[in-house]
Amino acid sequence: MTDKFITADAAAAELAISRATLYAYVSRGLVQKSGTGDDPRRRLYSVHDIEALKKRKSVGRKPKEAAAQALDWGLPVLTSSITRITDGHLAYRGQDAAELAETATLEDVARLLWQCGEFDPFEDAKAQPNAWEPELLALTQSLPLTERCQTLLPFLDSGRVTAWKRDNRRLWPSASALLRGVAAASVNAQSSIKPLHLFLAEHWGVEDKEADLIRRALVLLADHELNASAFAVRVVASTGASLGACLNAGLSALSGPMHGGMTSLVELLFDELERVGNAEQVVEERLRRGDSIPAFHHPLYPNGDPRAAALLPHLPADPSRDDLLRVMLETAGQLPTCDVALVALRRSLRLPRGSALALFAIARTTGWIAHALEQRQDEKLIRPRARYVGPEIS
């Protein structure tokens with residue numbers, strides 16, 4: 001939902017604080033303000049930030065409640081230098097993701113996230129491209145995308161992919177082999193040493209201009225801080241499991257309908273929109289049935305998902321899609337997430353159904369590897385405690 005703003009008096013009342021304390025929160029970056037001029041009476045304050053502060057204050061100094069809240073869009077629970085989400089912006093190691101998407105490739109982002117420096121793991125891996133057995137591809141082609149990738153991961157043509165306690169220079173080529181392997185498995189094709197967006201464009205039979213849209217999407221989806229799949233990867237990495245096992249965990253989490261599987265729900269929404277031909281009617285009927293409108297509004301982006309904003313304007317015009325975006329903004333004040341943008345890209349380029357999830361999995365593999373490598377350096381087991389609420393011992 002787009003962020004709403006209220007007056008200083010209303011904000012102070014919501015938080016049960018003085019206006020002076022409110023201004024202190026603003027100066028510390030805890031509450032966003034709008035409006036110009038020196039007169040505080042002309043300024044308004046973010047409802048989203050105020051609600052977040054209220055939630056934080058309700059937990060207070062109770063450690064058990066604080067720990068529980070941290071696992072539900074709460075306070076940070078792990079340190080990381082990979083990705084930062086703040087003030088509606090997404091940045092990879094201090095570089096704005098939307099700006100990187102203008103020119104960078106996924107390989108460029110991988111080198112950045114993996115901190116390769118002058119070392120180029122993709123150049124090193126050119127001598128050993130992944131070779132998929134045609135028989136194995138045939139056996140797995142009917143599997144869902146994530147399961148197909150998980151099945152083929154152990155068959156990568158590299159003896160180093162399961163090695164873990166090694167110097168990063170030994171792991172980077174393995175990481176690039178895994179990334180190429182996931183890309184190949186995602187589209188059920190033999191691997192290639194071409195840049196990944198060109199490999200996908202060639203496989204899908206799209207032109208150079210459309211290949212650039214694929215490149216842009218891959219960069220924008222490379223990582224998203226400590227989401228469900230990245231957290232799953234880090235938990236597995238903390239046990240000392242192999243890099244391939246870490247990706248297996250990430251793929252499992254991605255498959256769920258509240259994560260990467262959200263793209264399938266968006267596809268159904270677009271199918272319905274195409275069948276009915278009227279966005280207002282589709283939204284109204286869904287709401288009357290008690291159904292949700294998937295992939296609109298992101299808790300971390302009250303003013304809109306920057307990944308969607310960096311991709312949707314570059315797609316070919318689509319009056320039906322634009323009408324849906326307008327209706328959702330006007331009726332619910334909600335903006336699209338990256339899932340809507342990926343499905344819109346898939347449909348605009350007439351890619352095979354399921355390609356939105358394929359793009360998601362390929363791109364996010366880059367970030368998963370970065371999280372696994374970072375967690376490996378920590379050398380600590382991630383092992384939270386559970387707050388028991390079951391029956392007592394009789």
Side-chain angles (χ1 to χ4, degrees), residues 106-107 109-110 113 122 125 128-158 160-162 164 171 173-194 196-197 199-200 203-204 214 217-218 221-224 227-237 241-264 267 339 342 346 351-373:
L106 186 61
E107 287 84 352
V109 174
L113 293 182
F122 297 96
Q128 294 183 341
N130 305 318
W132 300 101
E133 293 289 341
E135 294 83 1
L136 189 57
L137 287 171
L139 286 173
T140 59
Q141 65 180 347
S142 62
L143 293 175
L145 184 145
T146 50
E147 285 88 337
R148 184 166 67 247
C149 291
Q150 291 170 314
T151 301
L152 293 175
L153 273 174
F155 295 93
L156 285 169
D157 187 22
S158 172
R160 301 165 298 180
V161 297
T162 57
W164 188 229
L171 288 172
S174 299
S176 67
L178 282 164
L179 176 56
R180 282 180 170 150
V182 168
S186 294
V187 296
N188 200 47
Q190 290 195 350
S191 183
S192 168
I193 62 174
K194 291 183 178 180
L196 287 169
H197 67 286
F199 161 68
L200 293 172
H203 176 76
W204 286 325
I214 293 172
L218 290 172
L221 271 295
D223 192 57
H224 203 232
N227 56 22
S229 57
F231 187 64
V233 165
R234 294 190 77 120
V235 169
V236 173
S242 71
L243 195 53
C246 295
L247 295 188
N248 206 320
L251 286 162
S252 293
L254 187 73
S255 68
M258 295 183 69
H259 196 3
M262 179 67 69
T263 55
S264 63
E267 289 279 11
D339 304 282
L342 281 177
R346 199 284 298 174
L351 304 180
R353 203 170 182 97
S355 298
L357 180 57
L359 288 169
F360 206 150
I362 295 164
R364 194 54 56 85
T365 297
T366 307
W368 292 336
I369 290 170
H371 282 283
L373 294 174

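Computed from heavy atoms alone, side chains included, the values below leave out hydrogens, waters and symmetry copies.
- Between atom CG of residue D339 and atom CG of residue L221 there is a gap of 8.0 Å, rounded to the nearest 0.5 Å.
- Of all the heavy atoms in C246 and A241, the pair that sits closest is SG-O, 4.2 Å.
- Closest heavy-atom contact between W368 and S229: NE1-OG, 3.0 Å.
- Taking all atoms of both residues into account, the shortest heavy-atom contact from F199 to S192 is CD1-CB, 3.5 Å.
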- Verdict with supporting geometry, R364 and N227, side chain to side chain contact (heavy atoms under 4.5 Å, CB included): CA-CA 11 Å; R364 194 54 56 85; N227 56 22; 2.6 Å; yes
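- Between V182 and S186, the closest heavy-atom pair is O-OG, 2.7 Å.
- In this structure, CG in L178 is found 11.0 Å from OG1 in T366, a value given to the nearest 0.5 Å.
- One finds the CD atom of E107 at 7.5 Å from the NE2 atom of H197 (value rounded to the nearest 0.5 Å).
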- Message: With side chain to side chain contact (heavy atoms under 4.5 Å, CB included) as the criterion, how do L113 and H371 come out once you've worked through the C-alpha distance, each side chain's angles and the decisive distance to 0.1 Å?
- Response: CA-CA 9 Å; L113 293 182; H371 282 283; over 6 Å; no
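- Across N248 and Q150, no two heavy atoms sit closer than the pair OD1-NE2, 2.7 Å.
- Closest approach of S355 to P352, counting heavy atoms only: OG-O, 2.6 Å.
- From L196, atom CG reaches atom CG of L359 across 11.0 Å, with rounding to the nearest 0.5 Å.
- No donor-acceptor pair under 3.5 Å is formed between the side chain of R148 and the backbone N or O of S142.
- For the atom pair CG (L251) and OG1 (T151), the distance works out to 10.5 Å, reported to the nearest 0.5 Å.
- Side-chain atoms of H259 never come within 3.5 Å of backbone atoms of A228 as a donor-acceptor pair (strictly under, hydrogens ignored).
- Under the 4.5 Å side-chain criterion, counting only non-hydrogen atoms from C-beta, L357 is in contact with L254.
- Taking CG of L200 as the reference point, atom CD1 of I362 lies at 4.5 Å (rounded to 0.5 Å).
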